[in-house]
Q: 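Below is one structure. I have some questions about it.
Just the heavy atoms: all of them, side chains too, but no hydrogens, waters or symmetry mates, feed the values below. Here is how names work: the chains are called A, B, and so on, in the same order as the sequence lines, proteins then strands, and each is numbered from 1.
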Amino acid sequence: MKEILLNPQLWSATLAMATPLALPALGGTFSERSGVVNIAMEGIMLIAAFFAVLFAHLTGSAWLGLLGAIVVGMIVAVIFAWAAVTLTADQVILGMAINIFASGFTAYLLNTIFGFSGTPTDTPMLPNINIPVIKNIPFIGQILSGNSVIVYLMIILIFASNYFLFHTNLGLRIRAVGENPEAAETAGINVIKLRYLGVALSGLFSAIGGAYLSIGLLNSFSTDMSSGRGYIALAAMIFGKWTPFGSFGAALLFGFATALSMQLQNSAMSKNIIMMLPYILTVLALVGVGGKSVSPAADGVPYTPKK
Amino acid sequence: GCTSKTKQQSSQPNSTGQASKNKNFKVGLVTDVGGINDHSFNQLAYQGIEKAKNELGVTVNFIQSKQQTDYVTNLTQFAQQKYNLVIAVGYLMKDAVEQVSKEFPDTKFLIIDSDITDRPNVASATFKTEQCGYLVGVMAGLMEKEKNAKLNDQNVVGVIGGMQIPPVDSYIAGFQQGVKAVNPDTKVLVSYTGNFNDPASGKQMALTQISQGADIVFGVAGQAGDGVINAAKEKNIYAIGVDADQNYMAPDTVMTSALKKVDTATFDTIKSVLDNNFKSGLVYFDLANDGVGYAKPIKDVPQSIVDKVDEYAKQIKDGTIKVSDQVQK
Amino acid sequence: MSALLEVNNITKMFPKVRANDGVNLVVEEGEIHAILGENGAGKSTLMNIIYGLYRPDSGELKFNGEVLNLSGPHEAIEKGIGMVHQHFMLIPVLTVAENIVLGAEPGGISYNKKKANELIREISRNYHLEIDPDAKVKDLSVGLQQRVEILKAFYRHAKLLILDEPTAMLTPQETEELFGIMRNLKNQGISIIFISHKLDEVKEISDKVTVMRRGKTVGTLNTKETNEQELANLMVGREVVLRLEKSEYNPGDVVLSVKDLTVSDEQNIEKVKNVSFDIRSGEIFGLAGIDGNGQTELIEALMGLRPIKSGVIKYNNNNIEKLPTRERYKLGISYIPQDRQQEGLIMKFSVADNLILKEYKNSQYSKNGVIQYKRVFENASKKVEEFDIRPTDYNLLAGNLSGGNQQKIILAREVGSNPKLLIAVQPTRGMDVGAIEYIHKRLLQLRDEGSAILLVSLELEEIMSLSDRIGVIHNGVIMDILDGKSATREKIGLLMAGSQIEAKKVEV
Amino acid sequence: MNKILKSIYMPILAVIIAIIIGSIIMLVTGFNPLAAYASLFIGAFGTLPNIANTLANAVPLIITGLGVAIAFNAGLFNIGAEGQYWIGAIVATWIGYSFKGLPWYIHIPFALIGAMVAAGLWGGIVPGFAKAYTGAHEVITTMMMSYVAIYFSHYLLEFGPMMEKGSVPQSPLIKDSAIIPTILRNTQLSYGIFIAIAAALFVYWLMYKTVWGYEMRAVGFNQRASKYAGMNVPLNIVLSLSLSGIFAGLAGAVQILGVQHRLYDSFTSGYGYTAIVVALLAKNNPIGVVFSALLFAALGTGSQYMQLNAQVPGQLADVITGLIIFFVAADKIIEVLKSMFKKQKKEELAS
Ligand SMILES: Nc1ncnc2c1ncn2[C@@H]1O[C@H](COP(=O)(O)OP(=O)(O)OP(=O)(O)O)[C@@H](O)[C@H]1O
Ligand SMILES: Nc1ncnc2c1ncn2[C@@H]1O[C@H](COP(=O)(O)OP(=O)(O)OP(=O)(O)O)[C@@H](O)[C@H]1O
Ligand SMILES: [Mg+2]
Ligand SMILES: [Mg+2]
């Protein structure tokens with residue numbers, strides 16, 4: 001066991017597997033704090049993952065790939081917001097619809113644009129970053145340095161999100177809208193606009209998460225490669241009590257359990273039992289930590305402004 | 001040369017009676033839920049029927065199943081529409097093929113990776129992938145004794161499966177035996193990603209094995225295997241591809257690939273039905289009939305090793321070496 | 001004086017209701033203008049129109065002589081209109097300061113907590129409205145929450161302040177404080193629209209009164225030239241009995257006996273300390289006290305909704321402190337909880353379903369686990385008629401009824417089952433005089449039929465006019481139990497404030 | 001009356017909008033939308049066998065959808081019906097093949113009930129108790145337990161205790177006595193459809209006519225008021241999550257006994273997730289669940305047929321399905337379009 005814990009790969013895998021959960025969990029935090037349940041994050045990740053590769057391939061720049069993914073992801077998010085906020089449709093149904101759409105749409109585009117052998121192998125990847133001093137520290141350096149640029153971006157975004165949500169006026173307004181939209185409106189706040197903002201941010205973060213999968217960790221797209229991370233991110237966000245640090249913590253826990261199950265594969269235990277580890281650990285942690293997760297009071301409830 | 005000739009033939013339907021006759025010959029393909037992009041047998045089967053369309057002028061069509069309950073329905077649709085040959089991809093369709101083939105005795109069926117023997121109108125293509133797994137294992141075992149920039153001095157190789165299912169495990173079993181045959185001290189790490197569609201976890205799994213000393217990793221995990229190759233490339237070690245020649249994905253990294261020629265199997269079966277010598281029951285695809293094999297290694301692999309591998313291939317073909325398809329725990 | 005606000009011929013339709021039907025109103029600069037009207041008369045609707053929350057179907061608003069075309073509250077706020085809503089527009093998980101400055105925060109991008117707190121302290125000093133800016137709103141008593149609402153309006157420098165039933169949940173002392181503030185504002189030239197169902201308050205504080213009935217303004221009177229009876233009659237459209245006729249006090253056996261009861265809250269702080277009292281059949285025992293002095297904990301303990309720390313609760317001489325809530329109901333106890341929407345009703349259940357919320361398991365309404373809907377509907381149509389619940393369609397969801405009618409559902413359920421003991425908490429909160437008259441009549445009727453009633457109210461007037469005996473609670477302790485006839489407003493007030501000695505002096 | 005009419009024509013118009021957008025996509029990508037939709041429809045309802053297959057596909061969706069709807073009615077989001085489905089399928093399979101010589105009228109109910117009990121415990125014990133007593137959010141627990149169930153099935157089948165002797169990871173076939181017979185030859189429609197319909201009627205009765213349903217719904221709408229009314233709130237939470245699991249498990253069992261006859265090793269059935277949409281689209285009304293399940297089943301069978309006969313790739317079928325669900329949910333778009341249309345007309349009149 002000690003050997004496993006001292007293997008830096010355990011910890012860098014933890015970080016690598018936590019990143020594509022933490023990003024959408026962060027996005028979901030914004031969306032749900034503004035009162036919109038966004039299950040479509042799974043689909044947005046997938047679509048973004050595809051367009052990241054497409055744009056990176058077309059432009060020859062991974063950065064433009066990331067940018068393209070973000071733009072497309074936010075467009076999908078805004079379409080979702082339009083139906084969920086303006087048309088007050090059921091948010092969960094819409095989310096599921098977008099996920100089905102995304103799965104088919106990306107697979108279809110993959111075939112028609114790139115054919116069956118998959119996305120081009122010369123697709124550029126986002127760079128890994130070596131941090132000057134830290135990289136020379138043994139063990140720590142192997143974990144904290146040399147990760148994808150998105151990992152560092154994520155860490156910055158977590159702090160930025162926390163600041164934005166809890167220490168700015170706009171953040172205060174977003175939270176107010178998710179708690180009691182009527183009260184927010186009577187305080188002169190435009191509820192609809194802020195909900196669009198919350199959802200758009202969830203699109204932004206999910207898109208970065210999707211791009212991380214396709215051009216951060218890899219340089220290819222394959223069908224359904226988000227493989228349920230959007231849903232698990234939802235769980236991480238709830239576990240984290242709708243806060244950026246909490247979401248990150250829950251994502252780390254899940255990433256750690258996944259990384260651990262990878263390390264344990266060489267033990268005699270059934271591989272399938274080992275692969276239950278992240279899920280069982282999450283439930284145990286949740287029950288152990290206890291404490292109710294109280295969602296924003298107006299989460300998931302469409303709001304119609306008075307007329 | 002041969003290809004261009006047949007192409008010409010099919011593009012001129014009136015030139016011979018053969019082509020127009022073939023045009024009325026209909027082949028239907030039902031994929032399993034993995035779909036046509038699985039970078040694995042569904043895709044290869046599809047390539048096989050496309051080849052038949054281009055070279056033999058037959059009419060082809062395919063359905064991607066969305067869920068397991070679609071199998072019977074989809075097979076039935078083809079049979080009802082009087083398709084001459086219906087191809088079912090994957091052992092999961094065994095029950096469905098058994099059921100539908102009984103209802104439509106005039107339709108011929110081919111099922112990939114299964115073992116239906118008691119139907120006159122069903123052929124089961126079984127691939128001895130333990131044999132090609134063995135050969136790439138031999139190659140890996142021998143490479144471990146080499147010294148070059150990509151190889152470390154630990155004697156460890158790794159194999160990463162998708163799920164613990166026979167078409168995956170036969171590769172892994174062969175690989176294990178092949179490595180041990182030439183290098184008994186080599187440690188063979190075996191892991192599973194638990195799915196075929198998550199390259200991110202494939203990559204982390206490979207990185208984990210690399211951190212445990214592996215410098216050659218063999219991915220048998222469909223799309224998740226893409227991540228294995230990516231990890232190998234990033235860490236500057238070797239990868240081994242699976243099913244098709246995956247060298248194009250990372251030319252300096254993928255030292256060879258274990259081949260499972262599902263495309264050949266489907267093409268040949270279509271041809272056999274056309275030529276009226278369809279054989280029902282188990283049809284083995286192995287080294288002997290070139291149904292499995294390994295892709296041309298990159299130049300990092302010394303010719304001496306390639307020769308050694310070919311020697312083993314010969315011994316498998318002539319039965320001197322028997323390869324088991326059971327994974328060693 | 002010149003007109004600050006002019007409402008001309010405003011009409012507002014809701015699906016099925018004409019909530020405002022050609023309303024006219026003029027509010028002068030620096031006047032306190034009261035609006036009176038039954039539940040559902042259209043008062044709140046009119047205020048919401050003035051505040052820009054609703055768009056009128058026709059008619060015109062003028063503010064400072066300028067026609068207002070409001071597209072939302074933010075514009076009304078800009079013009080200088082402030083409103084304290086009837087139902088709190090607060091965000092419980094945010095702090096007081098955050099609630100107050102929300103939408104008009106000081107400073108740039110970042111939330112400037114220091115500045116916000118400073119500003120709020122300053123306003124609360126100016127208007128004598130003490131409040132801790134860092135407290136979470138959900139931890140505040142209703143009275144303090146009301147204070148936050150008012151501060152919200154002050155913070156935005158309102159020239160016209162709308163107060164929609166601000167006193168419905170205040171103690172008499174708090175009400176007096178509020179009136180002080182209102183007078184102060186008036187002196188500064190600020191106009192106030194004041195809505196209340198309490199005629200004495202209207203009489204005390206306002207300069208003019210406009211009465212509304214069924215969406216129309218019936219008339220505007222100078223407060224000085226009218227009296228409570230006239231206002232009541234105008235508003236209801238018939239003669240209203242303001243003074244209740246109460247029959248002789250004729251107590252029977254002890255029904256509820258509480259001995260040395262101690263109860264803690266979630267933070268394990270003792271909220272009820274060694275409380276003892278008895279209630280007899282045929283008597284109304286009033287529990288007076290300022291909100292937050294342990295009433296909630298006491299009642300919840302009596303109902304089995306909260307564990308007790310020590311003490312004895314006896315009902316008809318049997319210990320019941322260990323019984324689960326449902327068992328207590330089965331023994332013939334009824335309960336009208338404080339918050340009708342959160343505690344008393346399932347808003348998304350129909351009226352009929354709500355009417356059996358405590359009895360659905362009884363053989364009367366269910367057989368072998370199957371609810372006998374025929375009987376449920378029979379019961380519903382009977383109760384709807386008897387208690388005058390409107391509209392009469394018992395298949396409507398409770399949430400679609402007005403607050404007053406929602407209260408009547410609870411009343412029908414709890415009083416209609418002829419309980420031996422009724423615990424009624426604030427049974428008339430926010431109701432109009434007509435409705436209050438009715439509820440009071442029913443409570444007295446129940447008493448005369450031999451039930452015991454524990455009446456908890458923040459309104460002294462209500463306690464004094466109904467109770468045979470009055471217990472005053474302060475800081476979890478029953479300060480004294482007074483005789484209903486001889487108790488004076490002054491004395492109860494002093495006890496409520498915790499001053500036993502002063503109270504004794506008054507007695508002498 | 002007007003309301004009922006509106007509740008029908010709004011979704012229909014919404015579907016039409018989805019169809020138009022789908023047509024545009026198909027035209028752009030070079031397919032014939034007319035042929036595609038015709039075959040979508042024929043595939044779903046065109047022939048007797050196709051209707052039967054649509055019904056057959058609806059069966060697991062109806063029953064799982066009921067399970068999800070029960071939880072929603074109690075104010076709980078059971079996102080893990082998928083796992084409960086698997087537990088039901090596992091237990092039904094095990095009972096189906098390991099007991100010999102039982103008459104069908106014992107064997108089938110035995111398998112169904114066994115599956116329901118196991119899945120009920122799966123949904124009730126961990127997520128139910130965790131929610132009721134520690135406040136652990138059911139979205140997390142049910143989702144995680146769902147993955148555990150799926151890996152458990154892999155464990156059982158992949159060289160585990162339930163794998164059939166031989167080489168393929170699948171369970172043995174269930175005994176004939178456990179098979180729910182097929183109604184129509186060459187289709188997958190079994191008498192399970194009657195179980196589904198009976199389940200819908202039962203759940204309707206349970207939720208709207210019995211004291212248990214009354215309590216669960218009350219707790220779902222307002223826990224505080226329910227507590228004040230003397231109800232046992234934690235018990236009802238456990239009960240409704242168990243019941244939700246029971247139906248998801250029943251769905252798994254009926255699918256095994258009626259259609260698959262053995263357990264296959266596969267990553268998901270997808271029913272648990274689709275069931276969420278089925279339930280929500282039906283506004284959690286048990287009878288409505290039957291119809292929304294039929295819509296999804298029809299889209300499923302129809303889109304398979306569409307691949308075959310209009311050569312529309314399967315992925316594009318998913319795109320169309322996603323669009324249809326999207327617009328059915330967002331059916332207010334009709335009102336938006338209507339008002340836009342009116343405005344334009346007014347402007348035309350004015351000019
Ligand atoms: N949002 C709404 N939708 C439909 N009808 C409404 C709405 N709001 C108010 N109404 C209708 O308008 C009428 C007037 O309601 P309003 O709230 O203005 O009454 P009110 O005079 O403030 O009553 P109260 O004294 O009880 O506060 C109500 O009877 C109700 O039928
Ligand atoms: N969403 C809604 N849909 C339809 N009608 C509504 C809705 N919300 C409120 N109403 C109507 O609004 C009216 C007023 O509601 P409100 O809660 O303001 O009652 P109220 O008369 O002001 O009661 P109270 O005396 O408690 O203040 C009710 O009669 C109700 O029918
Ligand atoms: Mg080595
Ligand atoms: Mg009002």
Q: Checking D:N222 side chain against C:Q342 main chain: does a donor-acceptor pair fall under 3.5 Å?
A: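 Here the side-chain-to-backbone pair exists.
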Q: Check the surroundings of atom NZ in D:K283: do more than 12 heavy atoms from other residues, nucleotides or ligands lie under 6.0 Å from it?
A: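 At most 12 heavy atoms, drawn from other residues, nucleotides or ligands, come within 6.0 Å of this atom.
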Q: How many angstroms lie between atom OG1 of D:T210 and atom CG of C:N368, to the nearest 0.5 angstrom?
A: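 With rounding to 0.5 Å, OG1 (D:T210) is 12.0 Å from CG (C:N368).
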Q: Taking the side chain as C-beta and beyond, is there a heavy-atom pair between D:R217 and C:D353 under 4.5 Å?
A: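 Yes, their side chains come closer than 4.5 Å.
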Q: Crowded around C:R18 CZ? As in, over 12 foreign heavy atoms under 6.0 Å?
A: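 Open: at most 12 neighbouring heavy atoms sit under 6.0 Å from CZ of C:R18.
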Q: What part of C:Y365 is in contact with chain D, defined as an atom under 4.5 angstrom from a non-hydrogen atom: side chain, backbone, both or neither?
A: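 The answer is neither part of C:Y365.
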Q: If you apply the rule side-chain contact (heavy atoms from CB on, under 4.5 Å), what do you find for C:L305 with D:K227, and how did you get there?
A: CA-CA 8 Å; C:L305 294 162; D:K227 181 181 162 196; 3.9 Å; yes
Q: Determine the option with the most heavy-atom pairs under 4.5 angstrom with chain D, choosing from C:I356, C:V376, C:D339.
A: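 Ranked by heavy-atom pairs under 4.5 Å with chain D, first place is C:I356.
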Q: Does atom OH of D:Y204 have more than 12 heavy-atom neighbours, drawn from other residues, nucleotides or ligands, at distances under 6.0 Å?
A: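 No, the 6.0 Å shell around OH holds no more than 12 heavy atoms from other groups.
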Q: Are D:V211 and C:I371 side-chain neighbours, meaning at least one heavy-atom pair lies under 4.5 Å?
A: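 Side-chain contact under 4.5 Å: yes.
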Q: Counting only non-hydrogen atoms closer than 4.5 Å, does C:P337 touch chain D with its backbone (N, CA, C, O), its side chain (CB onward), both, or neither?
A: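 Just the side chain, heavy atoms under 4.5 Å.
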Q: For residues D:A225 and C:G344, report the shortest heavy-atom separation together with the two atoms involved.
A: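 For D:A225 versus C:G344, the nearest heavy atoms are CB-N, 4.5 Å.
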Q: Does the distance from a Lys or Arg side-chain N to an Asp or Glu carboxylate O, for C:K358 and D:E215, drop under 4.0 Å?
A: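 Salt bridge absent between C:K358 and D:E215.
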Q: Aromatic rings C:F349 and D:Y214: how do their planes relate, parallel, tilted or perpendicular, breaks at 30° and 60°?
A: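 Judged by the thresholds at 30° and 60°, the geometry between C:F349 and D:Y214 is tilted.
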Q: Please tell me if the side chains of C:L357 and D:M231 come closer than 4.5 Å, counting only heavy atoms from C-beta onward.
A: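 C:L357 vs D:M231: side chains touch.
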Q: Looking at C:F377, I'd like to know if its CZ atom is crowded, meaning that more than 12 non-hydrogen atoms belonging to other residues, nucleotides or ligands lie closer than 6.0 Å.
A: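 Yes - once you tally the heavy atoms of other residues, nucleotides and ligands closer than 6.0 Å, there are more than 12.
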Q: Name the region of C:Y329, side chain, backbone, both or neither, that has any atom closer than 4.5 Å to a heavy atom of chain D.
A: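 Looking at C:Y329, just its side chain touches chain D.
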Q: Of the non-hydrogen atoms in C:I346 and D:S226, which two are nearest, and what is the gap between them?
A: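 Smallest interatomic distance, heavy atoms only, reads CD1-OG, 3.9 Å.
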Q: Going by heavy atoms in the side chains, are C:E300 and D:Y228 under 4.5 Å from each other?
A: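 In contact.
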